[in-house]
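Every chain is numbered from 1 and lettered A, B, ... according to where its sequence line falls, protein lines coming before strand lines.
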There are 2 protein chains.
Amino acid sequence: MDAPRWLDAREARAWRGYRRMRRLLDLELARELMQDAGLSEPDYDVLSDLSETPDQRLRLSELADRMLWSRSRLSHHLARMQQRGLVTREEHPSDGRGSIVVLTPAGRAAIEAAAPGHVAAVRRHLIDLLTPEEIDALAALTQRVVDRLSGRPTATEG
Amino acid sequence: MDAPRWLDAREARAWRGYRRMRRLLDLELARELMQDAGLSEPDYDVLSDLSETPDQRLRLSELADRMLWSRSRLSHHLARMQQRGLVTREEHPSDGRGSIVVLTPAGRAAIEAAAPGHVAAVRRHLIDLLTPEEIDALAALTQRVVDRLSGRPTATEG
DNA sequence: GCAATGTGGTTGACATGTCATCAACCGTAG
DNA sequence: CTACGGTTGATGACATGTCAACCACATTGC
């Protein structure tokens, strides 16, 4: 209950800017991705992670962890993608509970068709607007924040 | 169909870091806000914008524009917040179509109770982890991206 | 072998966001 | 005053995300 340390003008500018960028960039990238490739961002992320894996297949829980998704969310989403023929499920060879998510040829085709345009959009709306110093600063700063958030369980002390 | 310019290692680090931070930071801030104050982030944003306004009231469309929300989304969300007694609607005095969103005493109490903790969380998980230079860099870079995105309609040429 | 407990994944109920549509309303032209 | 095009906000249908309950299987201890 101490007097709260509000954000000063510079801090507030950074915080507001971040949130505004987040919203606008998200909307625009999602819009272009859907228009150009018929994929949502979650679709793209699933396909992208799967396609970067040696056998184009991952255990559901492993994929969920990489994406920072709940298993439930991934399961629901995979059901929809499966209906569209982008992925399939296979049984785990040794663990009867496990589910293996596999990229279908159609899924591979979809990500390969979508990737160049999406990367170009990321460049056009973000990366290419930054100086090399800013890119490094962004990488460093986000890394630090991520490490804190994923490292500790929940630091509750001041 | 030109050879796509993929992201190089440094660019990819920044892009992945940004997206990971975004997800983790969002989850954590939302979690704490809900736990400590019983508000979702959208709730907080609505209350915050309203409370910063002279008469604690704004026209729906004006509020939607500030928040970068669609009128539909805001209308739905206000219906839920109204049921919880956080806001009310009034008729616009001169424009019969208009709807004025008003902060209730309960709404004001809610934002005043929530704000210190939320700001502290923003500090703890983001702001206080950055150097002054990084804060300025973040402000500058997000501002630039936002300006591009909100300025032009949709630049489609390379 | 078998109960007790833990883990992986699915499912349904529900909260939230989006889109399309609609009715009421404004401003202006006739 | 009427007609018309555009705006405002509400609403219903639908897509998506979350939470909690659940089932099947795995693991452990006896």
*What stems involve DNA chain D, if each pair must be Watson-Crick or G-U and both of its distances must be under 3.5 Å, with 3 or more such pairs in a row?*
C:1-30 with D:1-30
_Both B:E62 and A:G96 contact DNA chain D. Which one's nearest nucleotide lies toward the 5' end?_
B:E62
Tell me every residue that passes side-chain hydrogen bond (donor to acceptor under 3.5 Å, both in side chains) with [X], counting only those two or more places apart in sequence or in another chain.
X	result
A:R22	B:D26
B:Q83	none
B:S99	none

Close N or O pairs between protein and nucleotides 16-19 of chain D (under 3.5 Å):
from, atom 1, to, atom 2, distance (Å)
D:dT16, OP2, A:R80, NE, 3.3
D:dG17, OP1, A:R73, NH2, 2.7
D:dG17, OP2, A:H77, ND1, 3.4
D:dG17, OP2, A:R80, NH2, 3.3
D:dT18, O4, A:H76, NE2, 3.3
D:dC19, N4, A:S72, OG, 2.6

*So, the side chain of B:R144 versus the backbone of A:L129: is there a donor-acceptor pair under 3.5 Å, distance only?*
yes
*Is there a donor-acceptor pair under 3.5 Å between the side chain of A:R148 and the backbone N or O of B:H125?*
no
Calculate the interatomic distance between [X] atom [atom1] and [N] atom [atom2]; express it in whole Å.
X	N	atom1	atom2	answer
B:L78	D:dT11	CG	C1'	14 Å
A:L74	C:dG9	CG	C1'	10 Å
A:E41	C:dT18	CD	P	13 Å
B:E91	D:dA10	CD	P	11 Å
B:H92	C:dG27	NE2	P	11 Å
B:L63	D:dG9	CG	P	10 Å

_Under the ring pair (Phe, Tyr, Trp, His ring centres under 6.0 Å) definition, can you give me all pairs with a residue in residues 18-69 of chain A, not counting sequence neighbours?_
A:W15-A:Y18, A:Y44-A:H118, A:W69-A:H77
Show the distances under 3.5 angstrom between N or O atoms of the protein and N or O atoms of nucleotides 4-8 of chain D.
from, atom 1, to, atom 2, distance (Å)
D:dG6, N2, B:R97, NH1, 3.3
D:dT7, O2, B:R97, NH1, 3.1
D:dT8, OP2, B:R71, NH2, 2.7

If you look only at distance, which donor and acceptor atoms sit under 3.5 Å apart when one is on a side chain in residues 107-114 of chain B and the other is two or more places apart or in another chain?
from, atom 1, to, atom 2, distance (Å)
B:R108, NE, B:Q56, OE1, 2.6
B:R108, NH1, B:E112, OE2, 2.4
B:R108, NH2, B:S51, O, 3.4
B:R108, NH2, B:Q56, OE1, 3.1

*Is any side-chain N or O of A:S75 closer than 4.0 Å to OP1 or OP2 of C:dG9?*
no
*When Ile, Leu, Val, Met, Phe, Trp and Tyr are grouped by side-chain heavy atoms lying under 4.5 Å apart, directly or through other members, which residues fall in the same group as A:L27?*
none
*List in chain and number order the residues that pass side-chain contact (heavy atoms from CB on, under 4.5 Å) with A:D36, two or more places apart in sequence or in another chain; answer none if no residue qualifies.*
A:E32
_Non-neighbouring partners of B:R57 that pass salt bridge (charged side-chain N to carboxylate O under 4.0 Å, His left out), sequence neighbours left out_ = B:E90
*Taking salt bridge (charged side-chain N to carboxylate O under 4.0 Å, His left out) as the test, write out the residues that go with B:D45, two or more places apart.*
A:R19
